[in-house]
Amino acid sequence: MDAADLVGVSTYLNTAHPDTLLFLANSLTADTADSARLVHVTNDCCDLEVVTGEGSATHRLAFAASQATLDGIRGEVFGFVRRARAATSPETPLTSLEHIVADTERETDRVAIVAGRRSISPGLVEITFTDPNGFTSLGGDEYLKLSADGSSAFYTVRRHRADVSEFDIWVVLHTGGPMSRWADTATVGAEVIIGAQRRTFAPPADTTHIVAFGDASGLAAIARIISETSPAISLTAVVSVDATTASRTLTPSATTSVRVVSDTTPGATFRILEGLDAVHGEEFVRPHVEIGPTTYVFGAGEASEMASVRSYLRRDRGLSPDWCCVHGYWARDNADAAANSS
Ligand SMILES: Cc1cc2nc3c(=O)[nH]c(=O)nc-3n(C[C@H](O)[C@H](O)[C@H](O)COP(=O)(O)OP(=O)(O)OC[C@H]3O[C@@H](n4cnc5c(N)ncnc54)[C@H](O)[C@@H]3O)c2cc1C
C-alpha cells in the first residue's frame with residue numbers, strides 16, 4: 001500500500017462519510033464538535049482534526065495493530081466507530097458508514113456463538129449470542145434468521161450490547177418445533193448461523209401514541225419497542241401471555257401501560273383487539289385502547305389472528321399502511337388446533 005492509497009482513505013472518508021467522522025469526534029471531545037476531518041492516515045494510526053467552539057484540536061487514533069492493507073485500515077476505522085457507538089445512547093441514528101457496513105453484514109450469513117441460556121418462565125427461554133464479526137443493531141422490531149442443526153426460523157433481537165458484541169433473543173418453547181427444541185437444550189459454545197437481519201417498525205415522525213400487541217412470539221419485539229420508545233410518546237402494550245411471563249418481560253412506565261390478557265387460546269389476540277373501541281367494562285378481554293390519527297399500531301403473533309386484526313384495523317378502522325405494521329410470526333396448523341381444542 002503506497003502513500004497515495006493512504007491519502008485515498010482520508011479523501012474517501014472526508015468526502016463520503018463526514019457524518020461518521022463527526023460522530024467519532026463527538027465521542028472524543030467533551031464539547032459538541034462542529035466538524036471533523038482526517039488529516040493523516042498511516043499504517044499505524046489516523047489523525048482526526050476536530051473543530052469545536054473552543055477551537056481545533058487533532059486527536060491521534062492508534063490502530064490495534066499495524067495494517068498493511070486497505071481492508072485492515074477499514075477494519076480499524078470501523079472499530080473506532082463501533083466503540084463510539086457502544087458509548088452512545090440507543091436513540092442516536094446510525095451514520096452513513098455504519099449503514100453501509102450494516103447492510104453488508106445483515107445480508108451475509110455468519111457464525112454466532114451461544115454465550116448463555118436462561119429460563120425466563122416455563123414457556124420462554126433467553127439465549128445470548130456472541131457475534132464475532134461485531135453486531136450492528138437496527139433497533140425497533142429487528143429480527144434475524146437463525147439456523148441451527150439443519151433448521152431455521154426468524155427471531156427478534158430483544159437487546160444487544162455493542163461493547164461485547166452480544167445479543168439476546170427470547171424463544172417460545174412449544175411442541176413440535178425443531179428450533180424451539182434446539183433452544184430448549186442449547187449449550188454455551190454451540191455455533192449457529194445468523195443472517196437476513198431486518199427491521200420493519202417505522203412509526204411516522206408525528207406519532208404521539210403506539211399500540212403494540214401480540215402473543216408470546218411477539219414479546220421480544222414489544223419489550224424492545226417499549227424500551228426504545230421516547231417518553232414523549234405514550235405506548236399501550238396488549239399481550240396475550242400468562243401473567244408470570246408478562247411480569248418478567250414487560251416493564252410499565254409513566255408513559256407505557258401494559259395490559260396483560262392471560263388468555264392464550266386461539267383467537268385471543270383478535271378478541272382483544274376487536275374490542276379496541278368498544279368498552280365492555282364487564283368483559284376483561286375487551287380493553288378499551290385508543291387509536292387516534294397519530295397512533296402507530298404494531299402487532300406480532302399467530303398468522304391467521306394477525307391477518308384478522310390487520311384487516312380489522314385497515315378496513316374497519318381505516319388505518320393506512322404507514323400507521324399499521326402487523327405481522328404473522330408463526331402459523332397454527334391442524335395439529336395445534338386439535339391440541340388446543342382438546
Ligand atoms: C419476523 C419474525 C420474528 C419472530 N420473532 C420471534 C421471537 O422473538 N421469539 C419466538 O419465539 N418466535 C419468533 N418468531 C416466530 C418463530 O420464527 C416461529 O415460531 C417458528 O415457527 C419457530 O420454528 P420451529 O422450528 O420451532 O417450529 P416450526 O417447525 O416452524 O413449527 C412446528 C410446530 O410448532 C407450531 N409453532 C410454531 N411457532 C409456535 C409458537 N410461537 N407457539 C406455539 N406453536 C408454535 C407450528 O404451528 C407447528 O405445528 C418470529 C417470526 C418472525 C417471522
Side-chain angles (χ1 to χ4, degrees), residues 17 19-20 23-24 26-27 63-65 71-118 120 124-148 152-171 179 182-183 186-202 217-229 249 300 329:
H17 301 292
D19 61 317
T20 306
F23 171 72
L24 201 51
N26 276 315
S27 74
F63 295 159
D71 271 354
I73 291 183
R74 208 173 288 136
E76 293 281 355
V77 170
F78 200 68
F80 296 134
V81 177
R82 271 193 221 288
R83 287 191 281 283
R85 172 63 52 192
T88 312
S89 85
E91 290 88 50
T92 309
L94 291 186
T95 65
S96 56
L97 184 59
E98 289 173 289
H99 272 297
I100 290 179
V101 173
D103 282 346
T104 317
E105 286 180 351
R106 267 178 258 151
E107 294 310 321
T108 311
D109 283 353
R110 58 195 195 273
V111 170
I113 298 156
V114 175
R117 182 189 171 284
R118 88 178 164 97
I120 296 174
L124 193 67
V125 66
E126 176 178 272
I127 314 269
T128 298
F129 297 91
T130 306
D131 181 349
N133 295 297
F135 188 79
T136 304
S137 180
L138 308 175
D141 64 332
E142 165 177 50
Y143 57 87
L144 44 77
K145 188 165 146 197
L146 177 69
S147 307
S152 53
F154 284 99
Y155 289 99
T156 306
V157 175
R158 165 61 191 91
R159 62 175 85 77
H160 72 109
R161 291 170 291 284
D163 53 338
V164 285
S165 197
E166 281 185 358
F167 66 92
D168 304 330
I169 62 168
W170 290 350
V171 179
M179 287 309 292
W182 175 85
T187 50
V188 170
E191 287 191 359
V192 300
I193 303 293
I194 56 170
Q197 197 177 335
R198 296 201 172 81
R199 164 191 178 137
T200 63
F201 179 81
S217 68
L219 261 186
I222 295 169
R224 181 153 185 193
I225 288 167
I226 289 177
S227 59
E228 289 183 358
T229 296
T249 51
Y329 272 11

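Bear in mind that the values here come from a model prediction, so they are computed numbers and not experimental data.
In this structure, the side chains of I73 and F63 come closer than 4.5 Å at one or more pairs of heavy atoms. Using a 4.5 Å heavy-atom cutoff, the side chains of R118 and V125 are not in contact. With contacts defined as side-chain heavy-atom distances shorter than 4.5 Å, the pair T130/F167 does not qualify. Looking at heavy atoms from C-beta onward, T249 lies in side-chain contact with I120 at the 4.5 angstrom threshold. Using a 4.5 Å heavy-atom threshold, the side chains of T156 and I169 count as separate.
Atoms CD1 and OG, from I113 and S165 in turn, are 10.0 Å apart once rounded to the nearest 0.5 Å. Atom-to-atom distance recorded for R159:CZ and E142:CD is 13.0 Å, nearest 0.5 angstrom. Taken to the nearest 0.5 Å, the CZ atom of R85 stands 6.0 Å off from the OG1 atom of T92.
Taking all atoms of both residues into account, the shortest heavy-atom contact from D109 to G195 is OD1-CA, 3.5 Å. When all heavy atoms are compared, the tightest approach of A183 to I127 is O-CD1, 3.5 Å. Of all heavy-atom pairs between S137 and L94, the closest is O-CD1, 4.0 Å. Minimum heavy-atom separation, N133 to R82: O-NH2, 3.2 Å. The two residues W170 and Y155 have their closest heavy-atom pair at O-CD2, 4.2 Å. Residues G140 and F201 approach most closely at CA-CD2, 4.0 Å, considering heavy atoms.
Every residue meeting the side chain to side chain contact (heavy atoms under 4.5 Å, CB included) condition with V164, not counting sequence neighbours, appears here in chain and number order: R161, E166. Scanning for side chain to side chain donor-acceptor pair (under 3.5 Å) contacts around S152 gives an empty result, with sequence neighbours left out. R158 meets the salt bridge (charged side-chain N to carboxylate O under 4.0 Å, His left out) test with no other residue; sequence neighbours excluded.
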- Message: For R110 and D131: C-alpha separation, side-chain torsions, deciding distance, then whether side-chain contact (heavy atoms from CB on, under 4.5 Å) applies.
- Response: CA-CA 8 Å; R110 58 195 195 273; D131 181 349; 2.9 Å; yes
- Task: Any chance you could lay out the side-chain contact (heavy atoms from CB on, under 4.5 Å) test for D168 and F129, step after step, and finish with the verdict?
- Result: CA-CA 6 Å; D168 304 330; F129 297 91; over 6 Å; no
- Item | Test side-chain contact (heavy atoms from CB on, under 4.5 Å) applied to L97 and F78, step by step | CA-CA 8 Å; L97 184 59; F78 200 68; 4.1 Å; yes
- Task: Evaluate the side-chain contact (heavy atoms from CB on, under 4.5 Å) criterion for residues I193 and V111: first the C-alpha distance (whole Å), next the side-chain angles of each, then the deciding distance (0.1 Å), finally the verdict.
- Result: CA-CA 5 Å; I193 303 293; V111 170; 3.9 Å; yes
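Judged purely by atom type and a 3.5 angstrom limit, S27 uses its side chain to pair as donor or acceptor with the backbone of L24. Side chain of R224 to main chain of V157: a donor-acceptor pair is present (N/O by atom type, distance under 3.5 Å, no hydrogens or angles). A donor-acceptor pair under 3.5 Å is formed between the side chain of T88 and the backbone N or O of A84. Without hydrogens or angle criteria, S217 side chain to Y329 main chain gives no donor-acceptor distance under 3.5 Å.
Note on ring orientation: taking the six-membered ring where Trp is involved, the planes of H160 and F135 are tilted (angle from 30° to 60°).
Between the side chains of T200 and D141, at least one donor-acceptor pair of N or O atoms lies under 3.5 Å. No side-chain donor-acceptor contact under 3.5 Å links D19 and T95.
Look at R117 and E126 and you find no salt bridge, because none of the NZ, NE, NH1 or NH2 atoms lies under 4.0 Å from a carboxylate O.
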